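Keep in mind it's a predicted model, so treat the numbers as computed, not measured.
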Amino acid sequence: QVQLVESGGGLVQAGGSLRLSCAASGRSFRIYAMGWFRQAPGKEREFVAAISLTGGSTNYADSVKGRFTISRDNGKNTVYLQMNSLKPEDTAVYYCAAGPNYGGRASTYDYWGQGTQVTVSS
């Protein structure tokens, strides 16, 4: 079992930045790829970014490429999502997830956090 807790969400103006964190506990963090997903009201959960076990490979949704950066610190059992140049359409609940592969499909991931709200005002 892995427990995931997200933090760092909040209200920000368009063009601003936020950094989300996801702290993991339980089984060894190093054996899991990590991903970030988001879900806006009335919409399905969508892939945002993912990172491999070592952090050497990353994957991003087209909508966030060049604006968001995923990283991980295995010594701190934490994965981060740096979000720059935020847009109102980035407003959503953001979830981190852990699984065996850093794919873009939610079904790839075995463990999920409770989510953190990000609201971008225009």
Asks: How close do A50 and G103 get, counting heavy atoms only, and between which atoms?
Replies: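 Taking A50 first and G103 second, the nearest heavy atoms are CB-O, 4.0 Å.
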Asks: Would you tell me whether T108 and N101 have side-chain atoms, one donor and one acceptor, within less than 3.5 Å of each other?
Replies: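 Looking only at side-chain atoms, N101 and T108 do not form any donor-acceptor pair under 3.5 Å.
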Asks: Would you call the rings of F68 and Y94 parallel, tilted or perpendicular, where under 30° means parallel and over 60° means perpendicular?
Replies: tilted
Asks: How far apart are the C-alpha atoms of Y32 and L53, what are their side-chain angles, what is the distance that settles it, and do they pass the side chain to side chain contact (heavy atoms under 4.5 Å, CB included) test?
Replies: CA-CA 6 Å; Y32 293 102; L53 280 68; 5.9 Å; no
Asks: Treating S52 as the side-chain partner and S57 as the backbone partner, does any N or O pair qualify as donor plus acceptor under 3.5 Å?
Replies: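 Side chain of S52 to backbone of S57, a donor-acceptor pair under 3.5 Å: yes, one is there.
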Asks: If I take atom CG from residue N74 and atom OG from residue S28, how far apart are they, to the nearest 0.5 angstrom?
Replies: 8.0 Å
Asks: Determine whether R72 and M34 satisfy the following criterion, side chain to side chain contact (heavy atoms under 4.5 Å, CB included), listing intermediate values before the conclusion.
Replies: CA-CA 8 Å; R72 66 189 294 164; M34 300 296 296; 3.7 Å; yes
Asks: For this output row, return yes or no: ring centroids of F37 and W112 closer than 6.0 angstrom.
Replies: yes
Asks: Measure the CG-OG distance between L4 and S25 for me, rounded to the nearest 0.5 Å.
Replies: 7.5 Å
Asks: Do W36 and E6 touch side chain to side chain, with heavy atoms closer than 4.5 Å?
Replies: yes
Asks: How about Q3: does its CD atom have over 12 heavy atoms from other parts shown lying under 6.0 Å from it?
Replies: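 More than 12 heavy atoms, drawn from other residues, nucleotides or ligands, come within 6.0 Å of this atom.
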Asks: Would K65 and D62 satisfy salt bridge (Lys or Arg N to Asp or Glu O under 4.0 Å), going step by step from the backbone distance to the final call?
Replies: CA-CA 5 Å; K65 279 181 182 177; D62 288 342; 3.2 Å; yes
Asks: Within this structure, what is the OG-NZ distance for the pair S122 and K87, rounded to the nearest 0.5 Å?
Replies: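 So the gap between those two atoms works out to 14.0 Å.
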Asks: Calculate, to the nearest 0.5 Å, the distance between atoms CG and OG belonging to L86 and S121 respectively.
Replies: 10.0 Å
Asks: Is the terminal nitrogen or CZ of R19 (NZ for Lys, CZ for Arg) located under 6.0 angstrom from the six-membered ring centre of Y80 and within 45° of that ring's axis?
Replies: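 R19 over Y80 ring: yes.
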Asks: Is there side-chain contact between V118 and M83, with at least one heavy-atom pair below 4.5 Å?
Replies: yes
Asks: Quick one, P100 and D110 - any side-chain contact, counting heavy atoms below 4.5 Å?
Replies: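 In contact.
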Asks: Determine, using the 4.5 Å side-chain heavy-atom cutoff (strictly less than), whether Y111 and V93 are members of one ILVMFWY cluster.
Replies: no
Asks: Under the side chain to side chain donor-acceptor pair (under 3.5 Å) criterion, do D73 and T78 qualify, and how do the steps go?
Replies: CA-CA 5 Å; D73 185 336; T78 302; over 6 Å; no
Asks: If I compare all heavy atoms of G8 with all of L18, which pair ends up nearest, and what's the gap?
Replies: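 Closest approach of G8 to L18, heavy atoms only: O-CD2, 3.8 Å.
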Asks: In Å and rounded to the nearest 0.5 Å, what is the OH to CZ distance from Y60 to R67?
Replies: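 One gets 12.0 Å once the value is rounded to the nearest 0.5 Å.
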Asks: For side chain to side chain contact (heavy atoms under 4.5 Å, CB included), just list the numbers for L81 and T69, CA-CA rounded to whole Å, side-chain angles, deciding distance to a tenth of an Å, and then say yes or no.
Replies: CA-CA 6 Å; L81 185 67; T69 302; over 6 Å; no
Asks: Within the 4.5 Å heavy-atom criterion, are Q82 and S17 side-chain neighbours or not?
Replies: yes
Asks: Can you see whether Y95 has R38 sitting over its ring - NZ or CZ less than 6.0 Å from the centre and within 45° of the normal?
Replies: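 No, R38 does not sit over the ring of Y95.
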Asks: Determine whether Y102 and I51 make a side-chain contact, defined as any pair of heavy atoms from C-beta on separated by less than 4.5 Å.
Replies: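 No, every pair of side-chain atoms sits at 4.5 Å or beyond.
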Asks: Looking only at heavy atoms, which two atoms of T91 and V120 are closest? And how far apart?
Replies: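 Where T91 meets V120 most closely, the heavy atoms are OG1-N, 2.9 Å.
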